[in-house]
Student: 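Got a structure for you, questions after.
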Amino acid sequence: MLKIFNTLTRKKDIFQSIKKNKVGIYVCGVTVYDLCHLGHARTFLVFDMIIRYLKYCNYEVNYVRNITDIDDKIIFKSIQKKENFIDFSNRMILEMNKDLSMINLIQPNAEPKVSNCISNIINMISKLIGKGYAYIGKSGDVFFSVKKYTNYGQISNQTIQNLQSKNSFYSDLSVKNNFEDFVLWKLIKEKNEPYWFSPWGKGRPGWHIECSAITEKYLGYKFDIHGGGIDLLFPHHENEVAQNSCYNKDFCVSYWIHAGLLIINNSKMSKSLENSLFLKNILKKFDGDEIRFFFLSAHYRSPLEYFEEKIKKSKESFKKIRSAVLFFNSSSCSSYTNFFSISIEEEKHFHNAMENDFNTPKALSVLFSIVRKINIFKKNKDPKNVFLYSFKLKELSKILGFFTKKSMSLYKEKINKKKLKENKKIKDIHLLIKLRNKARKNKNWDLSDLLKKKLLKFGVVIEDKSYKDLE
RNA sequence: GACGCGUUGGCAGAUUGGUUAUGCAUCGGAUUGCAAAUCCGAACAACUCGGUUCGAUUCCGGGAUGCGUCUCCA
């Protein structure tokens with residue numbers, strides 16, 4: 001029985017899908033004003049793991065993740081880079097897809113761009129105005145009237161009275177009726193801003209309305225799971241609930257799942273703090289499976305502190321599992337295929353861990369105990385059990401998204417390259433030694449010293465004894 | 001100020017009202033031509049103060065402290 005921590009009820013709820021064997025899930029995606037950072041990677045990896053597990057449990061999953069390609073920061077960045085706004089966001093989307101594919105994420109069933117959903121957004125805003133939940137402010141921008149929605153604060157447990165106002169254009173009471181009201185449609189302020197036509201003038205949607213319109217369009221007013229980073233809980237998700245509930249009174253998300261944040265230098269990782277680590281850069285040092293292991297070795301809801309030493313250590317731990325799986329791949333024995341239906345004790349532990357709100361650290365510890373058993377069976381020369389447990393290890397790892405075809409082939413490629421490099425290095429060293437010996441024989445001391453220095457660069461220390469050593 | 005989540009060995013990180021998490025690192029041993037890998041064993045733990053209890057790291061309360069959110073953020 002799968003239990004999931006639901007932010008709405010603040011406890012672990014038993015999972016039950018609305019439609020039998022089907023799950024609709026929406027995850028708030030990236031605002032593409034820069035490259036993907038490691039924080040994005042964590043959130044999407046968490047939901048990737050959740051979706052893989054649901055699929056493993058025989059659910060047909062409809063996974064929707066939006067791309068915010070309209071946003072003040074995107075506009076600002078594109079102007080700064082003197083790049084057309086559309087070109088800039090498209091370039092960032094390409095980069096995002098490239099980076100995310102390297103950590104082997106399941107592709108969403110739909111990945112709508114906000115710019116393709118403007119008509120849905122306009123419809124939703126019109127209806128909200130019609131119902132009296134939204135109004136045109138003094139500035140001409142459209143605002144949501146928070147006080148009209150009596151359940152506001154339900155998911156984030158916030159009350160309007162306790163909110164602190166921040167200074168920005170849209171927090172100014174000269175443009176809207178109440179400070180808690182948030183913007184649904186922004187009119188263009190500068191000539192070079194991108195815009196779309198609307199009943200309220202040329203402009204663009206506010207941030208919160210896009211997710212409401214997209215979930216409505218792709219998943220309807222009732223769906224199973226809504227996810228995102230915990231930093232989106234307030235105001236983003238609170239506002240989404242308000243918008244959708246006012247748009248359709250039967251709106252209901254069964255489970256709200258929030259991923260814990262990646263912490264770096266004792267604070268949340270975000271670009272506004274200029275401490276971001278781009279996924280692209282991390283991928284130069286660690287592969288997809290290693291990054292996956294690093295994230296899954298902490299519970300998905302707890303904050304996770306990042307520093308390089310930590311991921312290096314986790315890479316070392318992961319080696320243990322990887323080498324066992326590689327050994328299995330290289331020694332598969334088809335005569336044991338009748339073993340596939342046999343179950344082992346560890347599978348139960350693994351499933352219990354996953355069913356308990358996706359306890360991946362515990363599930364991983366089960367993998368380690370399988371590895372130990374495999375090693376013992378190897379030592380005891382028990383090939384049947386080596387095969388059985390190795391097979392199970394691989395199957396369970398795959399549930400968590402490890403050892404996909406792509407990640408395996410990338411890893412093999414990396415290893416082969418390394419081997420080639422090693423071989424070349426050894427050849428080079430032998431050649432240099434030969435040349436140096438020749439130079440010494442010819443008493444060409446300058447060349448000999450030069451070659452000695454070159455050898456030192458390869459880590460080879462030359463200690464000459466006498467000419468007798470020379471060949 | 002409000003709301004939420006934390007504090008577990010050297011590090012990372014699960015779990016639990018009583019009995020080994022797990023991984024890395026350390027120490028001892030086994031295995032091995034050497035090494036790597038592996039196995040066995042050892043040592044090291046619950047922020048603090050109260051309460052409940054036969055028994056609390058776990059439940060309850062106070063305190064300390066860290067992180068997140070409060071209308072741009074995965």
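Treat the numbers as computed from the prediction; the structure is a model and nothing was measured. Naming: A, B, ... by sequence-line order, numbering from 1 per chain. The figures here come from the full heavy-atom set of this structure, side chains too, leaving out hydrogens, waters and symmetry mates.
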Student: Remember a base hit wins even if backbone is also touched, and classify T7(A) as base, sugar-phosphate or nothing at under 4.0 Å, heavy atoms.
Tutor: nothing
Student: Go through the N and O atoms of the side chain of N239(A) and the base of U71(B), and report whether any donor-acceptor pair is under 3.5 Å.
Tutor: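 A donor-acceptor contact between them is present.
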Student: Counting any heavy atom closer than 4.0 Å, what does A298(A) reach on the DNA or RNA strands: base, sugar-phosphate only, or nothing?
Tutor: sugar-phosphate
Student: Between N157(A) and G4(B), is there a side-chain N or O to OP1/OP2 distance below 4.0 Å?
Tutor: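 Indeed, a polar side-chain atom of N157(A) lies that close.
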Student: Mark yes or no for a side-chain to base donor-acceptor pair under 3.5 Å between K73(A) and C72(B), with no hydrogen or angle criteria applied.
Tutor: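 Yes, the side chain and the base share a sub-3.5 Å donor-acceptor pair.
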Student: Report all interatomic pairs (protein N or O, nucleotide N or O of nucleotides 21-23 of chain B) with separations under 3.5 Å.
Tutor:
{"residue": "G23(B)", "atom": "OP1", "partner": "R372(A)", "partner atom": "NH2", "Å": "3.4"}
{"residue": "G23(B)", "atom": "O2'", "partner": "S317(A)", "partner atom": "OG", "Å": "2.4"}

Student: Can a side-chain donor-acceptor contact be found between D357(A) and Y300(A) if the only test is distance below 3.5 angstrom?
Tutor: yes
Student: Please state the P separation for the pair G9(B) and A14(B) - nearest whole angstrom.
Tutor: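 Nearest-Å result for G9(B) against A14(B) at atom P: 13 Å.
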Student: Using the benzene-type ring in the case of Trp, are the ring centres of F144(A) and Y135(A) under 6.0 Å apart?
Tutor: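 Between Y135(A) and F144(A), which both carry aromatic rings, the centre distance is not below 6.0 Å.
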Student: Within a reach of under 6.0 Å around NZ of K138(A), are more than 12 heavy atoms found that belong to other residues, nucleotides or ligands?
Tutor: yes
Student: Using a 3.5 Å limit for the pairing distances, which stems of at least 3 consecutive Watson-Crick or G-U wobble pairs does RNA chain B take part in?
Tutor: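 Counting only runs of 3 or more consecutive pairs, the stems involving RNA chain B are B:1-7 with B:64-70, B:10-12 with B:22-24, B:26-30 with B:38-42, B:47-51 with B:59-63.
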Student: Strictly by modelled atom types, are N359(A) and N356(A) linked by a side-chain donor-acceptor pair under 3.5 Å?
Tutor: no
